[in-house]
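Here's the structure we're looking at; comments come further down.
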Number of protein chains: 2
Amino acid sequence: MTRALTAKGAATRQRIVAGTAELVRTRGADQVGLDDIRAATATSKSQLFHYFPDGRAELLRAVAEHEAGEVLDDQQPFLDGLGPAGSWQAWRDAVVEKYREQGVHCPLSALTTQLGPADPGIRVIVADLLETWHTRIADGVRRAQADGPAESSLEADKVASSILAAIQGGVVMMQATGNIEFLKVPLDAALAGIEPVADAGPVPDAVTM
Amino acid sequence: MTRALTAKGAATRQRIVAGTAELVRTRGADQVGLDDIRAATATSKSQLFHYFPDGRAELLRAVAEHEAGEVLDDQQPFLDGLGPAGSWQAWRDAVVEKYREQGVHCPLSALTTQLGPADPGIRVIVADLLETWHTRIADGVRRAQADGPAESSLEADKVASSILAAIQGGVVMMQATGNIEFLKVPLDAALAGIEPVADAGPVPDAVTM
DNA sequence: ACAAGGCTGGACTTCACAGTCCAGTCCGAT
DNA sequence: ATCGGACTGGACTGTGAAGTCCAGCCTTGT
């Protein structure tokens, strides 16, 4: 981990992690072998083990960290701005759009439920991500109470938990059913207490919820 | 599937499915091999392939159906009674208690995210389960509107989606963090619009949410 | 320029595990 | 009682994937 790494080496390592993350996202972790990774990242077995001496497990841990970072980075601008009227709608639209284009390929659920149980190291990474995410949302709720549209009687931490659960649960249900309404509806409901949001998306593709 | 099955054969098949389900629940699907199943169910390879000619994949599909059935059966009495004042609290307590004792071993998430992506057949089973579950809850909401505590302005299908997402998301977060509050809080929030529920459980084991 | 050590290629080893096969036993109907 | 088919045991095969090894190349610092 804390080995000497030249610029070239760091670039190669990064290429491996990003390429593997891509594969894991699209196929699922257990459908990705070292040979797939080799092919996708133009590397050799020895490179894989050079940068990740503990092999596949260590690589997947690095992928988990990478993906956790991506999730927050994607939302960073919106999360920081959470609070004022309109900011919730913007964030909600960004989240929905993100998952719409990702389809069933959720980086987190791939790791949480595929690798989490087997690898405690990954559970920790996911737990950290959820905690950070939760904190950011709760901060937004508090800002909305101070200067924004939200009533101050709400318990910010609990509201944040509800919002986060709506997203996680919505994604799970969306993955199983293919219907993004299962993400939109619960998320909108969870946000309703802060600032009512509206669905400006295309005509719903499903007849019923 | 539609083969002749004597009583003895049916019992063996059932033993295999139940034993495999147990293993999948505790270890995760990809940590369960045919030899583990053999050992746990006191069977031989040929028995496994006798009852599930398509091998592991077919067996896991049978396990998925079995587990989906269990989920509904566990809640059946509560789901049918959903509507009147107090019925929501009872159901909520049953759900929370169920997941508290199960801990991280959720039969569904094991299947949804571990096998679902790879096996379309399992996705269908999970989607059916979610649809049935959703319908039962929505029916309960409608009963609560007709004779119970809920306002009739609610859209039952949307409320049901929110409740279901709160459970799914809460379980995901609970699995990652080990904190059952992440299930209780969102579920209570989702139910608040119908009938405010209270947490009568033991003192929270975590300092913060 | 020239070591030292990071970096790379790819063949090789090892092993776990799904799936096959066949010989043999048990059960149920006639 | 006996015949057919369901049922069972366990050895065997084949494959795919993780991890090892070592020889050789490129970079960097002096």
Side-chain angles (χ1 to χ4, degrees), chain A residues 1-24 26-64 110 114-115 118-119 121-122, chain B residues 1-21 23-24 26-64 111 114-115 117-119 121-122:
Chain A
M1 262 298 160
T2 56
R3 304 284 316 111
L5 248 303
T6 67
K8 188 181 179 188
T12 301
R13 196 193 126 102
Q14 168 60 20
R15 194 174 78 242
I16 295 172
V17 172
T20 305
E22 167 77 20
L23 287 176
V24 168
T26 51
R27 295 192 209 169
D30 54 343
Q31 298 300 311
V32 175
L34 295 189
D35 286 328
D36 300 311
I37 296 171
R38 273 194 341 91
T41 61
T43 50
S44 67
K45 271 282 180 65
S46 62
Q47 281 173 292
L48 262 30
F49 283 86
H50 179 72
Y51 294 105
F52 306 94
D54 282 349
R56 201 183 123 95
E58 185 180 352
L59 172 52
L60 287 177
R61 246 168 321 206
V63 168
Q114 284 173 27
L115 303 174
D119 186 335
I122 289 189
Chain B
M1 264 298 161
T2 55
R3 304 283 314 108
L5 249 305
T6 68
K8 188 182 179 186
T12 301
R13 195 194 129 102
Q14 168 60 21
R15 194 174 77 243
I16 295 172
V17 171
T20 305
L23 288 176
V24 168
T26 51
R27 294 194 208 167
D30 52 345
Q31 299 298 312
V32 176
L34 295 189
D35 286 329
D36 300 310
I37 296 170
R38 273 193 344 92
T41 61
T43 49
S44 66
K45 273 283 182 64
S46 61
Q47 281 173 293
L48 262 30
F49 283 86
H50 178 71
Y51 293 106
F52 306 94
D54 281 349
R56 201 182 124 94
E58 184 179 353
L59 171 52
L60 286 177
R61 242 165 303 163
V63 168
L111 294 166
Q114 285 173 26
L115 302 173
D119 187 335
I122 289 189

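So that the names make sense, note that chain A is the first sequence line, chain B the second, and so on, each numbered from 1. Both backbone and side-chain heavy atoms feed into the values below; hydrogens, waters and symmetry mates do not. In this text, all values refer to a predicted model and were calculated from it rather than measured experimentally.
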Evaluate the side-chain contact (heavy atoms from CB on, under 4.5 Å) criterion for residues B:Ile16 and B:Phe52: first the C-alpha distance (whole Å), next the side-chain angles of each, then the deciding distance (0.1 Å), finally the verdict. CA-CA 10 Å; B:Ile16 295 172; B:Phe52 306 94; 3.8 Å; yes
Walk me through it: do A:Thr12 and A:His50 pass the test side-chain contact (heavy atoms from CB on, under 4.5 Å)? CA-CA 11 Å; A:Thr12 301; A:His50 179 72; over 6 Å; no
side-chain contact (heavy atoms from CB on, under 4.5 Å) for B:Leu59 and B:Thr20? Distances and angles first, verdict last. CA-CA 8 Å; B:Leu59 171 52; B:Thr20 305; 3.9 Å; yes
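Between B:Arg61 and B:Asp54, none of the side-chain N atoms (NZ, or NE/NH1/NH2) sits under 4.0 Å from a carboxylate O, so this pair counts as no salt bridge.
The residue among A:Arg15 and B:Asp35 whose nearest nucleotide of DNA chain C is located toward the 5' end is A:Arg15.
The two residues A:Lys45 and A:Arg38 come nearest to each other via the heavy atoms N-CD, 3.4 Å. In this structure, A:Ala62 and A:Arg13 approach most closely via the heavy-atom pair CB-NH2, 4.0 Å. When all heavy atoms are compared, the tightest approach of A:Leu23 to A:Ala40 is CD1-CB, 3.8 Å. A:Ile37 and A:Thr41 make their closest contact through O-OG1, 2.7 Å (heavy atoms, listed as atom of the first residue, atom of the second, distance).
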Nucleotide N/O of nucleotides 27-30 of chain C paired with protein N/O under 3.5 Å:
none

Under 3.5 Å, N/O pairs linking protein and nucleotides 19-25 of chain C:
{"from": "C:dG19", "atom 1": "OP2", "to": "B:Arg56", "atom 2": "N", "distance (Å)": "3.0"}
{"from": "C:dG19", "atom 1": "N7", "to": "B:Lys45", "atom 2": "NZ", "distance (Å)": "3.2"}
{"from": "C:dG19", "atom 1": "O6", "to": "B:Lys45", "atom 2": "NZ", "distance (Å)": "2.9"}

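If you take CG of A:Asp30 and C1' of D:dG16, they are 15 Å apart, rounded to a whole angstrom. The interatomic distance linking B:Leu48 (CG) with C:dA18 (C1') rounds to 11 Å, in whole Å. Rounded to an integer number of Å, the gap from B:Arg38 CZ to D:dG9 C1' is 9 Å. The CD-C1' distance, from B:Gln31 to C:dC17, rounds to 13 Å in whole Å. Rounded to whole angstrom, the span from the CG atom of A:Leu59 across to the C1' atom of D:dA17 amounts to 14 Å. Computed from coordinates, the B:Ile37 CD1 to C:dC17 P distance equals 11 Å when rounded to whole Å. The distance between atom CZ of A:Phe52 and atom P of C:dC7, rounded to the nearest whole Å, is 12 Å.
Within the 4.0 Å cut-off from OP1 or OP2 of D:dC7, not a single side-chain nitrogen or oxygen of B:Gln47 is found. Residue B:Tyr51 has no polar side-chain atom (N or O) positioned under 4.0 Å from OP1 or OP2 of D:dA6.
B:Val17 is not listed as a side-chain neighbour of B:Tyr51, based on a closest heavy-atom distance of 4.5 Å or more.
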